[in-house]
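FYI, side chains are in, hydrogens and waters are out, and symmetry mates aren't considered; it's all heavy atoms of this structure. Sequence lines set the chain letters: A, B, ... in the order given, protein chains first and strands last, and positions in each chain run from 1.
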Amino acid sequence: MTTSMIINVDGKDIEVNGEKNLLEVIRKAKIDLPTFCYHSELSVYGACRLCMVNVDGRGLQPACSTPPENGMRVVTNNSEIRELRQIIVELLLANEGHECATCGKNGSCQLQLLAKKVGIKKVRFKRTGHKQETDDSTYSLLRNPDKCVLCGDCVRMCSEVQGIGAIDFAFRGAKAAVLPSFGKDLASVECVYCGQCARVCPTGAITPKPEIEEVWKALENKEKIVIAQLAPAVRVALGEEFGLEPGTSTMGQIVSALRLMGFDMVYDTSFAADLTVIEEGNELINRLKEGKNLPLMTSCCPAWVKYAEQYHPDLMDNLSTCKSPQQMFGSLIKEILPEKNKVEKKNIVVVSIMPCTAKKYEARRKEFAKDGIPEVDYILTTQELATMIGEAGIQFKNLEPSSFDMPFGFKTGAGVIFGNSGGVAEAVLRYASEKLTGVRTESYEFKQVRGESGIREAQIEVGGTLLKLAVVSGLKNVKNLIEKVKKGIAKYDIIEIMACPGGCIGGAGQPVYKEGSVRAKRTKGLYDNEKMLQLHKSQENPYIAELYQTVFGGGEKGLHLAHELLHTHYRSHKRIEKESFDIHANKKKTELDITVCFGTSCFLRGAQTVMKNILEHLDKQNIQDRVSVKASFCFEKCNRGPVVNIGGEIIEKCTPEKAISEIDRKLQISVAQS
Amino acid sequence: MNTAQRNFEKVCEILEKNENNPARLIPILQEVQEEYRYLPEEIMTFLATSLDIPPAKVYGVATFFSHFALKPKGKYIIKICDGTACHVKKSTSILDAVRHKLGLTEDKNTTPDMLFTLELVSCLGACGLAPAVVINEDVHGLMTPAKTVALIDEILKKEASL
C-alpha cells in the first residue's frame with residue numbers, strides 16, 4: 001500500500017499524485033503561480049525565479065525546481081513574494097527593446113501578460129544595453145536580440161525537442177547572448193526554420209518573419225490574379241486569435257474573410273494533399289514491389305527535408321520525391337491557369353496560408369521556380385492572416401461562412417487530416433491498401449496510427465503483406481528513430497515525419513500556445529472536420545481523377561508532365577553553407593558526378609591525393625567527357641574523411657583505389673543501362 | 001608535411017586521447033588552443049562534428065571563458081595587470097604607453113605583423129611587485145611606462161636580428 005503525500009498550499013491540503021515539482025502541485029490547487037521560463041515540454045531551468053514561494057522551514061524556494069515532499073507547508077502569496085515578483089518583472093523590462101506597440105508578439109507576449117498580472121505600474125530601473133541589429137537573414141524568422149531576456153526557452157526547445165542546437169548561449173555576464181554558432185546569422189547555420197524557438201520565446205526576440213505588406217500590394221494590383229491556398233491546420237487554429245476555443249473550425253469564415261480582403265480565388269491545400277496521397281501512394285507501392293529505397297520517408301515537411309539534407313545525405317533516396325502539397329498546388333495552378341483563364345503566368349500570384357514558418361523557406365528553394373517564376377509567391381502564417389483580418393477591419397466572428405472555389409477547393413477527408421501527425425500516413429494507407437488489394441472497402445479509418453506520442457508504430461496487413469509504419473514528430477524523436485533504422489534495430493516500410501511536435505497543427509506559424517493540450521484540441525478539430533465530409537479517400541476525389549484524365553492523361557507526355565509538376569529532388573546540404581566549386585566541369589550533363597569533400601578534415605586526411613588520382617585516371621582512360629568533378633566544403637562526416645560522393649554513393653575513408661574502382665563500376669553500369 | 005597538416009594531426013590526437021567525449025570539451029579546447037594559440041572557427045566546427053555536439057555549443061563554451069581566444073594572438077602576449085594594487089600604482093599609464101608604442105586600441109589589441117597582443121588582466125597575484133607586466137611567461141615587477149617600452153624595444157631588436 002502506498003501512503004499518499006499531502007502538501008499544504010495556502011492553508012489547503014493537496015494530495016500529490018505524481019506531480020514532479022511544487023509548481024505542478026500549486027497549479028493543482030488552482031493557483032495560477034506566475035512563471036516565465038517554465039515550459040512543461042522542456043527541462044526545468046529555474047532561471048527567472050518568478051515562481052518563488054515560501055516553504056515552511058526553508059524560506060523562499062523556486063517552485064518549478066523543488067520536488068514535492070510530504071507535509072510541506074507552502075505560502076504562495078504574501079507581500080514579500082508579490083514584491084519579489086514585481087522586481088523580477090521590472091528587471092526584465094529594464095532590458096533594451098521592449099516596445100510593445102510595435103512588437104511582433106504584441107498581444108501574445110508572456111512578459112507583457114506578466115507585467116499586467118503582477119501589477120507593474122512603473123519600471124524603476126534604467127534601461128540597459130544598446131541597440132543591436134535584427135537578424136533578418138532567413139525567409140522564416142526574425143531574431144531581435146534587443147528583446148531577448150536570456151530565459152533560454154529557445155535554446156532548450158532547439159536542443160531538447162528538436163535535437164539540433166542551432167542557437168545557444170554565448171559570452172558571459174553582461175555580454176551574454178543567445179546566438180547561432182560563431183555569431184553568424186541564422187541563414188548560415190544548421191537552423192531548419194521550424195520556428196519552434198519563436199513559438200516558445202516569451203518575448204518578441206524570435207518571431208515569424210511577416211510578408212503582409214507584399215500580399216496587400218499584390219491584392220491591390222489590378223493586373224494580378226491573386227489566389228489563396230489554405231493549409232488544413234490553419235482552419236482549426238485561427239479562431240484562437242479571435243477568442244474561440246482551440247480546435248474550432250472556422251473554415252467558412254476564413255474563406256469569406258479572404259474574399260473580403262480581395263483574393264480572386266480561394267482554394268484548399270487539402271486538394272493538393274489529395275494529389276500528394278496518390279503520387280506518394282504509387283511511389284510506396286512501386287518501392288514495395290522493387291524492394292528498393294525503403295523505408296519511404298514522407299517529404300511534406302520542409303523543416304524535416306532540410307534536416308535530412310544536412311544530417312543524413314545517405315537517406316536522400318529514401319525521401320519521397322513528391323513535392324509538398326503547398327508546392328504541388330503552386331506548380332499545378334501556374335501550369336493550368338494561364339491557359340484556362342487567359343492570363344499571363346507572371347500575373348498569377350499564389351499566396352499560401354500556412355501554420356508553418358519553414359514553408360516560407362520551402363517556397364524559395366530554387367527547385368521550386370520555373371524560368372524565374374516561383375510556384376508559390378508569398379506565404380502567410382496563421383498569425384499573419386489574423387493580423388491582416390484585423391487590419392482590414394473584418395469582424396471575423398460575425399462573418400457569414402462561405403465555401404471554397406471549385407475545383408481546387410474540393411477535397412476529401414484524407415487531404416484534411418494531413419494537418420496533424422499521423423494524417424499523411426493514414427491518408428496514404430487509405431489509398432495504398434485499396435490499390436494493393438484491388439478491393440474497395442467501406443471503412444476508412446486507420447486509428448492505429450493516431451495518437452499524441454512523438455513516436456508511434458503500427459503494423460497493418462494489406463492484401464497478405466504486413467506493412468510496417470512509423471509516425472514521428474519532433475526532430476529529436478526523428479533523430480532517435482533514424483539512428484535505430486540505420487543500425488537495423490527497427491525496420492519500416494513507411495515513416496511519416498513532421499518536424500513540429502504534433503505535426504502542422506503545432507507549427508510555429510499558428511497562434512502562440514504554451515500548453516501541449518492545445519495541440520490535442522486542434523487535432524480533434526481536424527478529425528471532426530473530416531467526419532463532416534462525404535469523401536475520405538483521395539482516390540475518390542472526382543476532380544483528382546479528372547486531373548489525371550485531362551492534364552496528366554495522354555500517355556507518356558502526360559506522365560512526364562505529372563512528374564515534372566509534382567516531383568522534386570534533394571541535395572545534401574552543408575550545415576554551414578558554402579557553395580561547392582568545379583574542378584573538372586563539363587558543359588553537357590555527364591553520366592557521373594563526383595564531389596570530393598575538401599573540408600578541413602578531409603583535406604588533411606588526403607582529399608587532395610584522392611582528387612589528384614581521380615583526375616589522372618580520367619585523363620588516362622580518356623573519359624573526361626563522361627564525368628564531372630567538384631570540390632565541396634564539407635559533407636559533415638569529418639571523422640570518417642576523406643569523403644567522396646560518386647554518383648550519389650558516399651564513400652567514407654576514401655582511398656584513390658576505392659574511388660577509381662567505384663568510378664569504373666558506375667560508368668560500366670551506365671553503359672549497360674544505355 | 002606542412003604546418004597546417006601537422007597542427008591538424010595533433011587535433012586528431014587530442015580528440016583520440018580524450019576518447020571523443022563531449023564531456024571533456026573544455027580540456028580538449030585548452031589543448032587545441034595550445035596547438036594553434038587560438039581557436040580557429042573551422043577547427044571548432046570540426047571538434048563539434050567529431051564530438052557530435054552542435055557548433056553553437058562549442059562556440060558558447062569558447063566565448064564563456066576569457067582564457068579562450070577566437071582570434072589569432074601575436075607571438076608576444078603582453079599582459080598588463082589592472083588589479084587594485086597595480087591600478088593605484090598607475091598601471092593605466094603603462095597601458096597608454098604600450099598602446100601608443102604599438103599603435104593599438106581597445107578594439108584592436110594585436111599588431112598587424114602578429115608580433116604583439118596586448119591584454120589588460122584583472123589580477124596576476126603579484127601585488128607586491130605592482131604595477132606588474134607579464135610578457136609571455138616572464139613577470140616584470142615595479143614597472144613604469146618607460147621600462148615597459150624599453151622591454152618592447154628589446155624584443156623588436158631581437159626579432160629584427162632573426
Side-chain angles (χ1 to χ4, degrees), chain A residues 150 152 154-155 158-160 162-173 175-184 186 188-192 197 310-311 475-476 479 483 574-578 597-609 633-641 643, chain B residues 1-26 28-29 32 35-36 38-72 106-107 121-122:
Chain A
L150 303 175
C154 56
V155 172
C158 194
S159 74
E160 291 173 12
Q162 299 301 60
I164 294 175
I167 43 175
D168 208 328
F169 285 105
F171 300 98
R172 179 171 51 154
K175 286 184 182 157
V178 171
L179 289 173
S181 57
F182 312 115
K184 291 175 189 289
L186 263 187
S188 315
V189 299
E190 67 269 50
C191 172
V192 298
C197 52
Q310 286 174 177
Y311 294 90
L475 286 171
K476 180 75 174 279
K479 188 180 181 179
E483 216 163 274
K574 278 127 272 171
R575 282 180 236 168
I576 293 179
E577 190 72 78
K578 263 181 198 164
C597 178
F598 265 66
T600 318
S601 152
C602 291
F603 179 74
L604 296 164
R605 284 172 196 236
Q608 220 173 4
T609 320
F633 270 104
C634 197
F635 287 174
E636 302 284 352
K637 291 186 168 225
C638 306
N639 50 346
R640 296 186 291 279
V643 182
Chain B
M1 208 193 284
N2 62 25
T3 326
Q5 199 165 343
R6 215 171 24 243
N7 278 345
F8 188 74
E9 276 186 7
K10 190 73 205 283
V11 173
C12 294
E13 258 172 54
I14 293 166
L15 279 167
E16 216 166 292
K17 197 175 81 193
N18 288 286
E19 293 166 336
N20 278 358
N21 182 356
R24 296 193 54 78
L25 177 60
I26 292 172
I28 290 170
L29 287 176
V32 168
E35 205 52 39
Y36 287 87
Y38 77 110
L39 296 171
E41 190 180 304
E42 59 273 21
I43 296 297
M44 282 195 275
T45 312
F46 172 72
L47 292 176
T49 316
S50 302
L51 299 174
D52 198 19
I53 53 175
K57 177 126 268 158
V58 178
Y59 182 67
V61 172
T63 53
F64 186 88
F65 297 102
S66 54
H67 170 73
F68 293 124
L70 276 77
K71 280 188 200 145
E106 199 182 332
D107 297 322
V121 296
S122 295

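Checking side-chain atoms of B:Thr63 against main-chain N and O of A:Phe171 turns up a donor-acceptor pair under 3.5 Å.
Residues A:Arg172 and B:Phe64 come closest through the heavy atom pair NE-O, 3.0 Å. The two residues A:Gly165 and B:Pro54 make their nearest non-hydrogen contact at O-CB, 3.2 Å. Nearest heavy-atom pair, A:Ala166 versus B:Ala56, reported as atom, atom and distance to 0.1 Å: O-CB, 3.7 Å.
B:Tyr59 has its side chain out of reach of A:Asp168: every pair of non-hydrogen atoms, C-beta onward, lies at least 4.5 Å apart.
Partners of A:Glu483 by side-chain hydrogen bond (donor to acceptor under 3.5 Å, both in side chains), not counting sequence neighbours: none found. For B:Asn21, there are no side-chain hydrogen bond (donor to acceptor under 3.5 Å, both in side chains) partners two or more places apart in sequence or in a different chain.
Remark: A:Ser159 OG to B:Lys57 NZ distance equals 6.0 Å, nearest 0.5 Å.
Using a 4.5 Å cut-off between heavy atoms, A:Phe169 touches chain B through its backbone atoms (N, CA, C, O) alone.
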